[in-house]
Amino acid sequence: MQKRLTAKDWILYALIAVLITLLLLVMYQIDRQWLRLTEMQTALQAQAKDMRDLRSAVSSGTLARSDNAATATTTPAVAAAFNRAHAMTQQAGYAQGDWSVNAFGNNLKTLTPLVSTDAYASDVQSYVQESLITRNPDTLEWEGLIAKSWQVSADGLTITFQMRDDVTFSDGKPLTADDVAFTFNFIMTEAIQAPRERAYLEKIASVKANGKYEVVFTYKEPYFEALSLAGGMTIFPKHFYEPYLKTPQAFNESKGLLLGSGPYQMPDPKGWTPDKGNVELVRNERYWGDVQPSYNRILWKIIQNDSARLTTYRNGEIDAYGARPNEYADLKQDPQMMGKSQNFEYMPPVAGYSYIGWNQERGGKPTRFADKRVRQAMSHLTDVQRVIKDVFLDYAEPAVSPFSNTSKQHDPALQPYAFNLEKAQALLKEVGYEDRNKDGVLEDAAGQPFEFKLTYFDANEDTKRMVLLLKDLYAKAGVKMIPFPQEWPVMLESLNKKDFDAITLGWTSGIETDIYQMFHSSQAKTDGDNTISYKNPALDSLIDKARATVDEATRMPLWQQAEHIMYDDQPYTFLMRRKTLAFIDKRIHNLQMTKLGLNRGLLPLENYVPSAQQKYQQ
């Protein structure tokens, strides 16, 4: 039986139809708005690109400027710090665009400046944050970056910087002298986790803004690196970091608080966490520099396995590969590898060194390594020459001390500790170690066996091979070493807590190395970098004197005296400085050797990819 539609039904159907029509109209409007937003975003990106191109053209002098009615072409000045980058833009194939894609060998614990302690985080931060001055890689002289000029007082205790007035942070806020003064005060706040930086900045009495673009550093006493310390301090935006003075624990436990004035920025300056794995920076569209950076993005992939890193490079997914010694010769004969790569083999002039650190105090009590005769014995048992030959295939040189073998700080008369089993056994016997129960392991007077754990990074195959070799060498003297591989974050935690027997790691190095941070007794405090609790008042005195001596000719003999003490004390067994064995994709252009090493990654950025070879469009 059929039912006729009533008027009520018709009204209901009409309302439904109207609602559906309205819904469709709303969806259509939303779609138009999204489309409009996309168009606006595209237009803004295009406008930003045009501005960059215009700015680059003006700064490079390829675009004529008209000054009122004048028609003559003028070439604006490019700050000295940008001269090398500017020269790159003049090359025939130069182009902006593409990404720089790299790999980190372990996951990062945090990217927050001051809180982070590893070189990888420092690498990322260098693209985001800047300082007042930078070092010229050809002359090694300091040049102004954010500073235009500076004056040093006659007594060396006051340095006054005049700053550029056109620098902004990546969020558009201007960078002024207040930000520089704030940075110093922020670091010196005890509640902020920055003991390493405070150890150096404690030489400074005050940092004060003298107007909007002038800042004055006043030192408590002379310091040989006064200019580099003041001018090299990375500048924190006050408006971004100041709120954390009220909640310092939030800063200390943060993972990704990173904002600055550099050529690149975090997509979310507060949002990065270790579980994201990769680290990605995007172009700072507001970058103030005289030469705009070439890449659109800088990406670091986390690839802990050496073989996986090589495969990823072969597949063109990362731009560079640092070869292991035992594969280097074969890779140089590999047509596929050499067909896509530029090859570099060199000892960086500022190469860092690797070491074994002997922890001398644990849980408030001295360890067996507190006696320097034990440390000397361990250095004699650590056959560095054999490690270099068997594990690193001679692509390294022995390290005698923290000072580079080519540095004026180093006394060439000092030779590396040679392997000497008899001398090591004699030293250990002098301390009281003997194989009392004839089990092949030395015991102390109380019958406790000489055994210890050597902590090392578990993903490094070469370190693993070295540790196994050392285990056999130590066993010859009756010393039982237990390899103790650790993941990187766990290893850093052990280091910070000074909770280890011995550990093998490395330090980066500079033109002139200040050893205060690692070896001065005052830095054996909690969170300090004297993680092995090494203390020697005579060395402290020499470090203090050397740091306070501005005259180089007077300072170098002091460093050499300090080196002699460390050579005798062996707080570390200094291992080696390794060569760089690099393969870099041929699409990366303008790679040059400088006095600081290869210019890949130097800032202002000096590398680019020609348009025809670019892979990434965003």
Side-chain angles (χ1 to χ4, degrees), residues 104-131 169-171 179-180 182-202 229 232-262 264-281 298 300 302 457 486-500 503 505-508 516-518 523-531:
F104 285 156
N106 55 61
N107 205 356
L108 280 72
K109 189 177 176 184
T110 174
L111 283 178
T112 300
L114 307 179
V115 180
S116 62
T117 57
D118 59 78
Y120 288 157
S122 179
D123 197 12
V124 176
Q125 292 156 11
S126 70
Y127 287 86
V128 177
Q129 295 187 313
E130 295 180 308
S131 52
F169 293 105
S170 59
D171 61 359
D179 293 296
V180 182
F182 163 77
T183 301
F184 172 75
N185 292 323
F186 185 75
I187 294 172
M188 298 308 288
T189 301
E190 283 291 334
I192 296 298
Q193 187 177 312
R196 295 169 181 83
E197 288 73 13
R198 273 198 293 277
Y200 288 103
L201 294 182
E202 66 184 13
L229 181 64
M233 185 178 73
T234 53
I235 302 169
F236 286 40
K238 181 179 179 181
H239 64 277
F240 184 80
Y241 289 100
E242 188 174 40
Y244 294 101
L245 288 175
K246 294 179 181 175
T247 57
Q249 199 58 26
F251 176 83
N252 297 339
E253 295 175 357
S254 66
K255 304 301 179 187
L257 294 175
L258 183 56
L259 185 82
S261 61
Y264 293 91
Q265 62 179 354
M266 298 290 291
D268 178 357
K270 294 183 179 179
W272 185 86
T273 52
D275 62 334
K276 295 183 186 299
N278 295 346
V279 180
E280 183 175 356
L281 302 179
I298 309 287
W300 290 271
I302 308 299
F457 179 39
Q486 295 287 286
E487 293 183 355
W488 187 249
V490 178
M491 197 167 164
L492 289 181
E493 193 70 24
S494 301
L495 202 64
N496 287 336
K497 292 181 178 177
K498 300 177 169 55
D499 186 20
F500 60 90
I503 196 165
L505 269 172
W507 280 110
T508 55
Y516 177 81
Q517 177 186 0
M518 308 80 146
Q523 300 309 300
K525 59 189 177 184
T526 303
D527 291 333
D529 277 339
N530 184 348
T531 54

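Side-chain atoms are counted along with the backbone in the values below, which use heavy atoms only and exclude waters and symmetry mates. Everything quoted here is computed from the prediction, not taken from an experiment.
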Quick one: does V115's side chain get under 4.5 Å of Q193's, heavy atoms only? yes
Of all heavy-atom pairs between I235 and F169, which one has the smallest distance, and what is that distance? O-CE2, 4.2 Å
Are the side chain of S116 and the backbone of S122 linked by a donor-acceptor contact shorter than 3.5 Å? no
By salt bridge (Lys or Arg N to Asp or Glu O under 4.0 Å) - contacts of D123 (at least two apart): none
Value for OG1 (T273) from CG (L108), rounded to nearest 0.5 Å, stands at 12.0 Å
Within residues 233-245 or reaching into it, pairs that qualify as side chain to side chain donor-acceptor pair (under 3.5 Å) - sequence neighbours excluded: D171-H239
In Å and rounded to the nearest 0.5 Å, what is the CG to CZ distance from D179 to F186? 12.5 Å
Please confirm whether the backbone N or O of E280 pairs with a side-chain atom of Y264, one donor and one acceptor, at under 3.5 Å? no
The criterion is ring-ring contact (aromatic ring centres under 6.0 Å, His included); which residues satisfy it with W488, sequence neighbours excluded? F457
In terms of heavy-atom contacts, N496 and R196 come closest through OD1-NH2, 3.2 Å
Listed partners of A524 passing side-chain contact (heavy atoms from CB on, under 4.5 Å), at least two apart: N530, S533, K535
Looking at residues at least two apart in the chain, or sitting in another chain, which of them share a salt bridge (Lys or Arg N to Asp or Glu O under 4.0 Å) with K109? E493
Do M491 and I503 make a side-chain contact, defined as non-hydrogen atoms from C-beta onward lying under 4.5 Å apart? yes
Note, W300 side chain near L281 side chain (heavy atom, < 4.5 Å): yes
Inter-residue atom distance M233.CE - T183.OG1, 0.5 Å rounding: 5.0 Å
Exam field: side chain Q129 to backbone G262, donor-acceptor pair closer than 3.5 Å: no
Closest heavy-atom contact between M188 and L201? SD-CB, 3.7 Å
Which pair of non-hydrogen atoms, one from N107 and one from G277, has the smallest distance, and what is that distance? OD1-O, 4.0 Å
Residue list, salt bridge (Lys or Arg N to Asp or Glu O under 4.0 Å) with E197, at least two apart or on another chain: none
Would you say the side chain of V128 lies within less than 4.5 Å of the side chain of L111, judging by non-hydrogen atoms? no
Under the criterion side-chain contact (heavy atoms from CB on, under 4.5 Å), which of V124, D118, N278 is the partner of F104? V124
Step-by-step side-chain contact (heavy atoms from CB on, under 4.5 Å) determination, F182 to L245: CA-CA 11 Å; F182 163 77; L245 288 175; 4.0 Å; yes
Distance from N252 atom CG to L114 atom CG, nearest 0.5 Å? 9.0 Å
What is the distance from atom CZ of F236 to atom CG of L257, rounded to the nearest 0.5 Å? 10.0 Å
Please report the shortest heavy-atom distance between M266 and L258, naming the atom on each side. CG-O, 3.8 Å
Output for pair (T117 OG1, L492 CG), nearest 0.5 Å, gives 4.5 Å
Ignoring hydrogens and geometry, is there a side-chain-to-backbone donor-acceptor pair from T110 to T112 under 3.5 Å? yes
Around E202, counting heavy atoms of other residues, nucleotides and ligands shown, do more than 12 lie under 6.0 Å from its CD? yes
